[in-house]
Q: 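Once you've had a glance at the structure underneath, I'll fire off some questions.
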Amino acid sequence: RYTDDLPANEVVISYANVGWPEIFRFVATPRSIQAAEMGKRGFIVAVEDRYERELRRFAQRSLPAELRSQPELARREAAESFDGPTSYQTRRWAQRFETIVLYYRSLLARPVLRANESDALETIGRELFTLLFDGTDQILAGVDTITIVPDGILGMVPFETIVMPD
């Protein structure tokens, strides 16, 4: 068994299907493996609602055409039912998530941030924590080592920068 090789105070968190509407999170402890499905729609809409202008500006200046966010289309899609997405919808949600992650990375790379950029960095960091770690409090309590195995665009996230709740 995979978990038999884990030291007593170590946890492995693995993410999968990041390019799909739901991210799968697998948490392996020495005693068990737990899986959770996390929809990223709420994360995307919350960040886009607050930083639509900044994300659009970032996408226009920094991203290839296929990753450029289209907020007016995004708002229409957010209002639609998310049951049974088409391949276009799936691709658009993935692109929107990638844009937010890349914007977050770009903010981290800047030596000096304006007030609104500092706010965006903290907010996106908190939202990422909620998306990726919500419900793991009890599992992670008392753990000395957390190994994170990201998938897709999550490989671009420096997890040590994600902002934990107060």
Q: Would you check if Arg25 and Thr136 make a side-chain contact, meaning some heavy-atom pair closer than 4.5 Å?
A: yes

Q: Only counting residues at least two apart or in another chain, list the ones meeting salt bridge (Lys or Arg N to Asp or Glu O under 4.0 Å) with Asp134.
A: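 With neighbours one apart ignored, the set is empty.
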
Q: Please tell me whether Trp20 and Val149 are part of a single hydrophobic cluster in this structure, the criterion being side-chain heavy atoms less than 4.5 Å apart.
A: no

Q: Let me know which of Arg92, Arg96, Lys40 forms a salt bridge (charged side-chain N to carboxylate O under 4.0 Å, His left out) with Glu48.
A: Arg96

Q: Is any side-chain heavy atom of Ile153 closer than 4.5 Å to a side-chain heavy atom of Leu102?
A: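 Counting from C-beta outward, Ile153 and Leu102 do come under 4.5 Å.
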
Q: What's the shortest heavy-atom distance between Met164 and Arg126, and which atoms?
A: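 That closest heavy-atom pairing would be O-NH1, 3.2 Å.
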
Q: Is Ile23 close to Leu131 at the side-chain level, that is, under 4.5 Å between some pair of heavy atoms?
A: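 In contact.
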
Q: Is the closest side-chain heavy-atom distance between Arg105 and Pro158 below 4.5 Å?
A: yes

Q: Who pairs with Thr147 by side chain to side chain donor-acceptor pair (under 3.5 Å), at least two apart in sequence or on another chain?
A: Glu10

Q: To check you understand the geometry: which heavy-atom pair defines the closest contact between Pro7 and Pro30, and what is its length?
A: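 Nearest pair, atom of Pro7 first, then Pro30: O-CG, 3.1 Å.
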
Q: Measure across Gly142 and Asn9 and return the closest heavy-atom pair with its distance rounded to 0.1 Å.
A: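 Shortest heavy-atom separation between Gly142 and Asn9 comes out as O-OD1, 3.7 Å.
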
Q: If I compare all heavy atoms of Leu132 with all of Tyr15, which pair ends up nearest, and what's the gap?
A: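 Taking Leu132 first and Tyr15 second, the nearest heavy atoms are O-OH, 2.8 Å.
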
Q: Please name all residues satisfying side chain to side chain donor-acceptor pair (under 3.5 Å) with Arg57, sequence neighbours left out, ordered by chain then number.
A: none

Q: Nearest 0.5 Å, please: how far is CD in Gln60 from CG in Leu55?
A: 11.5 Å

Q: For the residue pair Tyr103 and Phe58, what are the closest heavy atoms and their distance?
A: N-CE2, 3.5 Å

Q: How many angstroms lie between OH in Tyr104 and CD in Glu127, if you round to the nearest 0.5 Å?
A: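 Rounded to the nearest 0.5 Å, the OH-CD separation comes to 11.5 Å.
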
Q: Step by step, would you call Ile13 with Leu140 a side-chain contact (heavy atoms from CB on, under 4.5 Å)?
A: CA-CA 10 Å; Ile13 302 176; Leu140 299 179; 4.2 Å; yes

Q: If I take atom CD1 from residue Ile44 and atom CG from residue Asp49, how far apart are they, to the nearest 0.5 angstrom?
A: 11.5 Å

Q: Would you compute the distance between atom CZ of Phe43 and atom CD1 of Ile100 and round it to the nearest 0.5 angstrom?
A: 5.0 Å

Q: I would like to know whether Thr123 and Val47 meet side-chain contact (heavy atoms from CB on, under 4.5 Å); could you show each step before the answer?
A: CA-CA 8 Å; Thr123 300; Val47 172; 5.6 Å; no

Q: Search all heavy atoms of Phe24 against all heavy atoms of Met38 and return the closest pair with its distance.
A: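 Taking every non-hydrogen atom into account, C-CE, 4.4 Å.
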
Q: Under 3.5 Å, is there a donor-acceptor pair between the side chain of Ser118 and the main chain of Ala115?
A: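 Checked: no pair found.
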
Q: Output the distance between atom CG (Leu6) and atom CZ (Arg31), rounded to the nearest 0.5 Å.
A: 10.0 Å

Q: Is there a path of hydrophobic side-chain contacts, each under 4.5 Å between heavy atoms, that joins Ile146 and Val163?
A: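 No, because Ile146 and Val163 fall into different hydrophobic clusters, even though each may have its own neighbours under 4.5 Å.
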
Q: Could you check if a side-chain atom of Asn17 sits within less than 4.5 angstrom of a side-chain atom of Glu37, using non-hydrogen atoms only?
A: no

Q: Going from CG on Leu154 to CD on Glu98, what distance comes out if it is rounded to the nearest 0.5 angstrom?
A: 10.0 Å

Q: In this structure, would Leu128 and Phe26 fall into the same cluster of hydrophobic residues linked by side-chain contacts under 4.5 Å?
A: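 No, because Leu128 and Phe26 fall into different hydrophobic clusters, even though each may have its own neighbours under 4.5 Å.
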
